[in-house]
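Before any comments, here is the structure.
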Amino acid sequence: GVLAVLLSIVYTQIPAPPEGPKAAWQILDWVRWLLGYTLIVVPIGISVLIAATNRFKPGKRWVLMRSASESIKREIYRYRLRATGYSADDTREKKLAEAVEAITRRLSRTEANTMALPVYSGPIPPVNTASPRDDGMGLLSTDQYVALRLEDQLSFYRRKSVGLEEELSRLHWWVLGALGGHFVIWVALTTAVAGAVMSYLAYRQTESTLTGYNQTATDLDNILSWWTSLEPEEQALRANIEALATHTEQVLADELASWTQRMTDSLEKLRETQAEKEEAKRVVTQQEEQDRRALAQLAANLHQPQAR
């Protein structure tokens, strides 16, 4: 949309070439011709991309896959810590297999099942899925779990919160700068830029995500403070170890569920908004066509000879 508005403004500002064989004016005429066809192609291309996005829904599929992968990761960490359900050596692997099967079965009943999943052949654990100090395979002591899971996720959410705040401030300044234009000819462009930035903020759910990340970081920090306040004898108690794993994974699960719901709602709202725009555009086009026919009929009636 912003590109189409920019091209329209540039097209209107290019002067019409005067009569004459000057090469410079011929180049200018060629530029006007190229921009004219570009203005026709760009909206068509945008409509095709939007239709493809609504048809194949790659964003929603990615959200579903991300949610399932994080659920599997939570079960792996519970398995490695030998938390509730994984404390018995003879049934630990069986319980993990059952948990993964339940997650993948739920995933297969969603829209993610309409796409082919390639066979993963990369490193284990995959890049950026665990702490660089974690091999992703061995069993964990409570100290290792705190360092590689709790503190690692706490650092992640704190770091992401800072980045989201900077992004939010930067985008707000973009909106203020776009709305503060002084040249009348560029009002349409600045309005389009401001609208695009606001749509991007709504799509990314930046403010809601920042709030959720701050809350998750606070909850994880409280769990860490509780754990470090325990005496070594208390940290060795099975009940406290279970509480550590349960509360940590529950906080992460709640944040993921909230994030998944926010992203799903955002994608649905984006599709609904686009559908409303397409419907409004169709109505305007129909009205313009009716107006053209009425004018043509009026012109034909005016040119008919008066009956005597």
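The residues of the chain are indexed from 1 along the displayed sequence.
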Supply the atom-to-atom distance [X] [atom1] to [Y] [atom2], rounded to the nearest 0.5 angstrom.
| X | Y | atom1 | atom2 | result |
| --- | --- | --- | --- | --- |
| Asp254 | Thr216 | CG | OG1 | 8.0 Å |
| Leu81 | Ser87 | CG | OG | 11.0 Å |
| Leu252 | Asp219 | CG | CG | 10.0 Å |
| Ile223 | Gln250 | CD1 | CD | 9.5 Å |
| Lys160 | Leu164 | NZ | CG | 6.0 Å |
| Glu249 | Leu244 | CD | CG | 9.0 Å |

- prompt: With Glu242, which residues qualify under salt bridge (Lys or Arg N to Asp or Glu O under 4.0 Å), at least two apart?
  reply: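 Here the qualifying residues are Arg238.
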
- prompt: Ion pair present between Arg80 and Asp135, side-chain N to carboxylate O less than 4.0 angstrom?
  reply: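 Counted as a salt bridge, because a side-chain N and a carboxylate O are separated by less than 4.0 Å.
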
- prompt: Between Arg66 and Glu70, is there a salt bridge with N-O shorter than 4.0 Å?
  reply: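 Salt bridge between Glu70 and Arg66, a charged N being under 4.0 Å from a carboxylate O: yes.
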
Check [X] against [Y] and note the closest heavy-atom contact, atom names and distance.
| X | Y | value |
| --- | --- | --- |
| Ala245 | Ala83 | CB-CB, 3.9 Å |
| Leu140 | Arg82 | O-NH2, 3.4 Å |
| Gly212 | Glu255 | O-CG, 4.3 Å |
| Leu107 | Leu64 | CD1-O, 3.7 Å |
| Leu154 | Leu220 | N-CD1, 3.9 Å |
| Trp226 | Ser229 | O-OG, 2.6 Å |

- request: Could you list who else is in Leu139's hydrophobic cluster, with ILVMFWY side chains joined at under 4.5 Å, directly or through other members?
  value: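 Reading the cluster by chain and number, Leu139 sits alongside Ile72, Ile76, Tyr79, Tyr86, Leu96, Val100, Ile103.
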
query: Do Asp134 and Tyr77 have side-chain N/O donor and acceptor atoms under 3.5 Å apart?
result: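 Their side chains do contain a donor-acceptor pair, which is all the 3.5 Å distance test asks for.
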
Sub-4.5 Å side-chain heavy-atom contact between [X] and [Y]:
| X | Y | value |
| --- | --- | --- |
| Lys73 | Arg149 | yes |
| Ser161 | Arg158 | no |
| Thr246 | Arg78 | yes |
| Glu234 | Glu231 | yes |
| Tyr157 | Asn214 | no |
| Tyr145 | Ile241 | no |
| Asn222 | Thr218 | yes |

field: Check: Gln144 main-chain N/O paired with Ser141 side-chain donor or acceptor under 3.5 Å
entry: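 Present.
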
- prompt: Within the side chain of Thr228, is there an N or O that forms a donor-acceptor pair under 3.5 Å with the backbone of Ser225?
  reply: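 Present.
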
query: What about Val146 and Leu237, same hydrophobic cluster or not, with Ile/Leu/Val/Met/Phe/Trp/Tyr joined at side-chain heavy-atom distances under 4.5 Å?
result: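 No, it is not one cluster - the side chains of Val146 and Leu237 are not joined through contacts under 4.5 Å.
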
message: For residues Val162 and Leu210: do they belong to one hydrophobic cluster (side chain heavy atoms under 4.5 Å, members Ile, Leu, Val, Met, Phe, Trp, Tyr)?
response: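 No, Val162 does not connect to Leu210 through the hydrophobic network.
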
query: Can you say whether the rings of Tyr213 and Phe156 are parallel (under 30°), tilted (30 to 60°) or perpendicular (over 60°)?
result: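 Judged by the thresholds at 30° and 60°, the geometry between Tyr213 and Phe156 is tilted.
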
